[in-house]
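To keep things clear, I will list the structure first and then write my remarks on it.
The chains referred to below are lettered A, B, ... by the order of the sequence lines, with proteins before strands, and numbering in each begins at 1.
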2 protein chains.
Amino acid sequence: MKQSSPAKFSVPDLLIREREGGYARGREGHESILRAALHLLVEEGYRAMSMRRVAAACDIKLGNLTYYFPTKEDLVRELLDAVISSYEVEFEAIIHEEDVSPEQRLEEICTLILEDIRTKKTTRIFPELWALSNHDPFVLERIQELYARARAPLNSIIAEINPALSVDQRETLALFISASMEGLTVFAGYDKPFENRMPWLERIAAKGFVQLVKTIRQSDFE
Amino acid sequence: MKQSSPAKFSVPDLLIREREGGYARGREGHESILRAALHLLVEEGYRAMSMRRVAAACDIKLGNLTYYFPTKEDLVRELLDAVISSYEVEFEAIIHEEDVSPEQRLEEICTLILEDIRTKKTTRIFPELWALSNHDPFVLERIQELYARARAPLNSIIAEINPALSVDQRETLALFISASMEGLTVFAGYDKPFENRMPWLERIAAKGFVQLVKTIRQSDFE
DNA sequence: GATTAAATTTGTCAAGTGTCCTAATTTTGT
DNA sequence: ACAAAATTAGGACACTTGACAAATTTAATC
C-alpha cells in the first residue's frame, strides 16, 4: 500500500508540491535536495541534516543550495510539508474502501498503520518530529494536523460501532487508539528490540481496540 | 508520588550516584552541572545542551566543565543514568503495594504512569531520548532497559489476572500496554493539545487494558 | 605552615554552522 | 541570435561547537 515503488530503495517517499515558474532542471534540483535532506534525516538524524551535508549529498555547492532554500528554516518547512503530505495520501486510500463491517475496517486501519510504523522512514522520522515539536510551535502544529487527519477515519468508524458516544467521547477514543499505536514506534519499529513481535502486537491492538470501542459506555467517562 | 519536593520547581529530579573521592565542593559542582544540563534539555531541547551553555547555566567556565566531564559523551551518559535512575525508584514504589485486586493494581499503575507523562520533565525528555536512540546504540540500550523495568510490574499483574497466557504472550501484552501509554506523551503530555483530555484517557486506558488482559486468549495470538 | 590533591581559570585549536554576496554560466522564450 | 531569467560556483563572514593544555587558585592533611 505505502511502498508504491520498491525499486528506488533508500530513496524514501516524498510528496513535493509543484512549483509555479522555473525550468525543468530547477524542479529536479529542488526535488533532489528534499530527497537528500530526508535521506540524511532518516539515516543520521536531524543533527546531520546541515546545509553543507545536504548540498554534498545531492552533489551541489553550498551556494547553490542557498539559492533554492535561502534559509534552513525554508528547507525544514518544505521537507516537513512533503513528508506529511506523503502520509496524507495514505489516509485518503483508507477512507475510500469497500463496504465491510466497521469492526473489520478498524482492524484494517490498525494493521495498515502498524505496518507503516515498522518502516525505517516512519520509525526514524517521527521521534525526531516529536522531539522538535516540543520546542518548535510550527512543527507541533503541522504534526498535530497530520494526526488529526489520521484520526478522522477512526472517528467515523467508532461512530458506526458505538453510536451512543458523544462527539467528544468518540474523539478521545480515536485519540487513544491512534496514540497507542504511535507509542509502539519506539519499541517495535524498524530495528527496535521488539520488531519481531509486531505481528502479535497487531493482533492484540486489533482485538483490544474493537472490544474497547464496542463495550465502552457513557459511564466509563466518569 | 514523583514530585517529592514541590518547593524546588524548575529543578527536576535527578538521582546522582555518589562519587568516590573529591571534596564537598566538587560533589556540589558535579551535581549542579547535571542539574543545569537537565534543565537545558527540558527547557530548550538537546540541541541547546552544549558544553558552553551548560557551563554558563551553572556559572562556571568551560574549562572547568571539561574537568568534570572531559567529553560531552561523558556528560550525556551520566545525565542519562541519573534521569533513568530517578524513574526506577518510582517503579520500586509501585511493586511494594498493598494487597488489592490485580485489576485494581493495574489501574493504579496506569494512572501513575499517565500522570507522570503529563509532567514537563517526562514530556520533554522522552521524545528527545527516543530520537537519540535511533542513532545512538547506548541510548537505545539504556532506555530499553528502563522500559523493561517498567514492564516488570505489569507482567506479574497480567500473570495474576490471566494465568493461561504463556510467558511470551504476557510480555507482549505488557509491552503493548506500556507502549500505548507512552504514545500519549505526544498528544496529552505537558503543553500538548489534548493535555486536558488526560482524565478521560486515563479512564479509557484503565478500562481497556483490564478488559484486554482479562479476555484475551491463546487463540488471539494467531 | 608546608605539602599534596582538587578545583578553577584562561587561552587556544581545528572544525563545523547558517547566512550572505558577487560573478560566471547555463537555459529558456522570443 | 539575443536578451532575460534561472541556475551554478566560489568565497567570505561571524559565530558556535567539542576538545585540549597549560597556569592559577582553593581546600584538606600531615
CG of A/Asp59 versus C1' of D/dT8: gap in Å, rounded?
-> 12 Å
Starting at atom CD1 of B/Ile33, determine the distance to atom P of C/dA7, rounded to an integer number of angstrom.
-> 10 Å
Selection: residues 130-142 of chain B, any non-hydrogen atom under 4.0 Å of DNA chain D | none
Just to confirm, is there a sub-4.0 Å distance from OP1 or OP2 of D/dT8 to any side-chain nitrogen or oxygen of A/Tyr68?
-> yes
Rounded to whole Å, the CG-P distance (A/Leu75 to C/dT19) equals 10 Å
Where at least one partner belongs to residues 169-185 of chain B, residue pairs that pass salt bridge (charged side-chain N to carboxylate O under 4.0 Å, His left out), sequence neighbours excluded = A/Arg197-B/Glu171
Can you list every salt bridge (charged side-chain N to carboxylate O under 4.0 Å, His left out) pair that touches residues 135-146 of chain A, not counting sequence neighbours?
-> A/Asp81-A/Arg142, A/Arg142-A/Glu145, A/Glu145-A/Arg149
Greater than 12 external heavy atoms within 6.0 Å of A/Glu88's CD | yes
With sequence neighbours left out, the residues meeting side-chain contact (heavy atoms from CB on, under 4.5 Å) with B/Gln169 are A/Trp200, B/Leu165, B/Ser166, B/Gln218, B/Phe221
Under 4.0 Å between a side-chain N/O of B/Asn64 and OP1 or OP2 of C/dT9, yes or no?
-> yes
Residue whose closest nucleotide on DNA chain D lies nearer the 5' end, A/Tyr67 versus A/Lys61 | A/Tyr67
Enumerate the protein-to-nucleotides 13-19 of chain D contacts in which both atoms are nitrogen or oxygen and the separation is below 3.5 Å.
residue : atom : partner : partner atom : Å
D/dT17  : OP1  : B/Ser50 : OG           : 3.1
D/dG18  : OP1  : B/Lys72 : NZ           : 2.8
D/dG18  : OP2  : B/Met51 : N            : 2.8
D/dG18  : N7   : B/Arg52 : NH1          : 2.6
D/dG18  : O6   : B/Arg52 : NH2          : 2.8
D/dA19  : OP1  : B/Thr71 : OG1          : 3.0
D/dA19  : OP2  : B/Lys72 : N            : 2.7

Heavy atoms under 4.0 Å is the rule here; annotate nucleotides 22-28 of chain D 5' to 3' with B where the base is hit, S where only the sugar-phosphate is, and - elsewhere.
-> ----SBS
Under 3.5 Å, sequence neighbours excluded: what are the donor-acceptor pairs made by side chains of residues 51-63 of chain B?
residue : atom : partner : partner atom : Å
B/Arg53 : NH1  : B/Glu44 : OE1          : 3.0
B/Arg53 : NH2  : B/Glu44 : OE2          : 2.9

Does the pair B/Glu31/B/Arg35 count as a salt bridge with the N-to-O cut at 4.0 Å?
-> yes
With sequence neighbours excluded, residues passing ring pair (Phe, Tyr, Trp, His ring centres under 6.0 Å) with A/Tyr46 = none
Taken in chain and number order and not counting sequence neighbours, the residues that satisfy side-chain contact (heavy atoms from CB on, under 4.5 Å) with A/Ser156 are none
Residues in side-chain hydrogen bond (donor to acceptor under 3.5 Å, both in side chains) contact with A/Ser86, at least two apart in sequence or another chain | A/Lys121
Can you name the residues that form a ring pair (Phe, Tyr, Trp, His ring centres under 6.0 Å) with B/Phe194, not counting sequence neighbours?
-> none
Report the residues that fulfil side-chain contact (heavy atoms from CB on, under 4.5 Å) with B/Thr123, sequence neighbours left out, ordered by chain and then residue number.
-> A/Asn134, B/Thr185, B/Tyr190, B/Lys192
